[in-house]
Amino acid sequence: MLATLRTIAESVSQQADLDSALVCFVQMVKEAMKTQCCSIYFADYSQDNFVLMATEGLNPDAVGKFRIGFTEGLVGLVAQREEPINIAFAKSHPRFKLSPEVNEEGYNAFLSVPVVHQKKVLGVIVVQQKMARVFSQDEESFLITLSAQLASQLAHAEIKEVLRQDESSHQTSVLKGVSSAPGIGIGQAFVVLPKLDFSSIELKKVTDVTEQTRLFTQAVAATRKEFNSLSMTLSDSIPKEALAVFEVYQQLLDTKSLGQNVEAQLYEGWCAKSALKIVIERLISQFNAMQDPYIKERAVDVKDIGLRVLHHLVNTEQTVKDYPKNTILIANTLTPAMLAEVPKGLLAGVVSVNGSANSHASILTRAMGIPAIWGIEDLPLLQFDAKPMILDAYAGRLYISPSQVLLDEYRALQHQESILNNRFLDEQESDPITKDGHYISLRLNAGLDLNPEHSNAHICDGVGLYRTEAWFMQKGQFPSQIEQENWYREVLKSYYPNPVVMRTLDIGGDKVLDYFNITEENPFLGWRGIRISLDHPELFLDQLKAMIKANMGLGNLKIMLPMISTTDEVDEALALFEQAYFELSEKQPQESIERPNIGIMLEVPSSVFMIPEWAQKVDFCSVGSNDLTQYLLAVDRANARVAELFNPYHPGVLRVLNKVASECKDLTLPFSLCGELGGDPEGAILLIAMGYRRLSMNLSSLIKVKWVLRRLTVSDMEKLLSECLAQSNAKQVLRLTRNFMIEHQLGELFYTPK
Ligand code: PEP
Ligand code: MG
């Protein structure tokens, strides 16, 4: 059964368009299940009915025409119940509806399963047979498995179809994602292709061996040409012996080595890219298995050559990037580096197919004030390139080829948005004091945008979280101590005399360094943050020393440790900090080296219960609500599939945040919060009510939160909080906070376009 399931899924995925995929599907299922009829219906939500999309066994003329209402017939019942129906005599079922146009009178046995993707019924598969019988449990499971397997393929095909129709009818299409940075972007799509790698190539079989052989030969010829011109260009600047490497490369490309092996795979029916992948990966593992270090090294050459040929096969290399004036950047998985490449001022919006609103790249878009949406699953990237589009990152919608009416409507909204923003700007230098006189210290989250100097120092009380890892991510190797010292000093100087809380390296999870390979099954539960620093004291000591030295003569540094989960980690980190401080003081006895405050992040659930012990050891703590939410709710913050479950307004999360505040107050341990929740006006007021008097957030959130809190009293916020804490789900909490804002004349903050 497993082999049949795989063959069906593979064959369907290789079809060029949705219609052929569905035809292929019904034919193969009918054959595999040895029945007389298989049909597939698609849900049309605009008309509340199902349309027959493909059939083997019913009237072929009814395809595309026959429709049955969502609440009609057995098809409707399967969708309503979202479970299979397996009956021997369909006609005797009370919900059976005779539809003469499909010619199904002759069939008795009826097995049907819904096709569900992300809670949404996409369609219904029906298998029928003349002989009255109940299908076996095995047959039922087979169809259920097939439907689950194909649901995402069909969802993907559905999106492709939307785009195809848009192309031919010049209509606007709309796709949905999860909003991560609010706002409206109007512009032209620019698709960033992922870095080409063999892991991203899916194995695929085809029938046209000659064509695939031609493509491969052509790619090899182009690669040879590339090597020739590379060796010519370099011939003056590198020694002759080094040039010999190109000869070796040319030999590897020869028919006898790479060529022959790839051809053998092509004859097996693999397409050129798949054949190349199979051969290169096999060669790499053969070389890697060698004892001799010199031969082992050749694996790198093989990979390099393979990738070059692959580039010519795929022809995806974007040499000169010509970003349009209002770029809507679209990527499979957006990275901070992709964002950094777009010249300042050209970026109007961001769309990432994978990842979620809580990933670090997404936090960066918020910091930059760029509208962004995430998680438009299975988006066929290339079909988007250069298309005009509107990104509505309030509603999480992407409009492709928008009509003039829609454009006018969204331009008007953009205008209103900028009026509101100007009102925030008008008050950006005012004090962050509530109507009943409470001062709320607002600090910046910085570091992700890689800018050491900030002109915004005067509107905030310093930096509450400086993410040092973003700068490390830009480098080709670990920066030296002196390089780090200079960088940190620039940052400290920009905010002087206000404090800058610098966080030690927090890599791992979704933050990787190209030069420090970490491959793990569960990176967010793996080697991350302080765990790496403690395993590499040489790196940690370097960073601590660079920070302490950068602080000389300034004194506004505070150091913060990420991802602390055990007392041992606190102790070991503090011991290394003492060592760094001691060694520096010993080296420079005549200069006074200040001892900065050192604190921890509370972002792992265990840390919340250790506050009394750790309060004796550290100077302050700051809640990382992004990770705390992730770990409390067991929701991967970067996974689009579970993005809707990531909700810091979950009463469970709010109760934990409240507990942290009251414990820290009792212990007089200075505390703050630097996760994204604090930058959300509704989150900020709940936190203030809990007793947080120091919040840290990105710049655009800071001016908005300042504006909001100046219009409210803490006593009103406290009343709201006690109601919220008594709720049993996040929806109820958000309804209360939204109503509260509306009652206090702050409803305009949530204006959501229709
Ligand atoms: C957090 O986890 O809330 C936090 C501020 O750190 P980061 O988002 O960088 O993991
Ligand atoms: Mg964190």
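Just so you know, ligand 1 is whichever comes first in the structure, and atom 1 is the first atom listed for that ligand.
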### Query
When you look at CD of E520, are more than 12 heavy atoms from neighbouring residues, nucleotides or ligands closer to it than 6.0 Å?
yes
#### Entry: Within 6.0 angstrom of K731 NZ, more than 12 heavy atoms from elsewhere
no
Would you mind writing out a table of all protein N or O atoms found under 3.5 Å from any N or O atom of ligand 1, naming both atoms and giving the distance to 0.1 Å?
residue: ligand 1; atom: 2 (O); partner: E603; partner atom: OE1; Å: 3.0
residue: ligand 1; atom: 2 (O); partner: D627; partner atom: N; Å: 3.0
residue: ligand 1; atom: 2 (O); partner: D627; partner atom: OD2; Å: 3.0
residue: ligand 1; atom: 3 (O); partner: G624; partner atom: O; Å: 3.4
residue: ligand 1; atom: 3 (O); partner: S625; partner atom: N; Å: 3.1
residue: ligand 1; atom: 3 (O); partner: N626; partner atom: N; Å: 2.8
residue: ligand 1; atom: 3 (O); partner: N626; partner atom: ND2; Å: 3.2
residue: ligand 1; atom: 6 (O); partner: R503; partner atom: NH1; Å: 2.9
residue: ligand 1; atom: 8 (O); partner: H360; partner atom: NE2; Å: 3.3
residue: ligand 1; atom: 8 (O); partner: R467; partner atom: NH2; Å: 2.9
residue: ligand 1; atom: 8 (O); partner: N626; partner atom: ND2; Å: 2.9
residue: ligand 1; atom: 8 (O); partner: R637; partner atom: NH2; Å: 2.8
residue: ligand 1; atom: 9 (O); partner: H360; partner atom: NE2; Å: 2.9
residue: ligand 1; atom: 9 (O); partner: R467; partner atom: NE; Å: 2.7
residue: ligand 1; atom: 9 (O); partner: R467; partner atom: NH2; Å: 3.2
residue: ligand 1; atom: 9 (O); partner: R503; partner atom: NH1; Å: 3.2
residue: ligand 1; atom: 9 (O); partner: R503; partner atom: NH2; Å: 2.8
residue: ligand 1; atom: 9 (O); partner: K511; partner atom: NZ; Å: 3.4
residue: ligand 1; atom: 10 (O); partner: H360; partner atom: NE2; Å: 3.1
residue: ligand 1; atom: 10 (O); partner: D627; partner atom: OD2; Å: 2.9
residue: ligand 1; atom: 10 (O); partner: R637; partner atom: NH1; Å: 3.0

### Message
Taking L334's backbone N and O only, do any of them form a donor-acceptor pair with S352's side chain (distance below 3.5 Å, no angle check)?
### Response
yes
### Task
Tell me, please, whether W707 has R710 positioned over its six-membered ring: NZ or CZ under 6.0 Å from the ring centre and within 45 degrees of its axis?
no
### Query
If we only count heavy atoms from C-beta on, is the I548 to F577 side-chain gap below 4.5 Å?
yes
### Message
Check for me: within less than 2.8 Å of the Mg ion (ligand 2), which protein N/O/S atoms show up?
### Response
E603 OE1, D627 OD2
### Message
Show the nearest heavy-atom pair for residues E469 and D506, with the distance to one decimal.
### Response
OE1-N, 3.1 Å
### Message
Can you confirm whether or not the ring centre of H536 sits under 6.0 Å from the ring centre of F478?
### Response
no
### Electrostatic pair E676:R637 at N-O distance under 4.0 angstrom
no
### N-O pairing of E613 and K617 below 4.0 Å
no
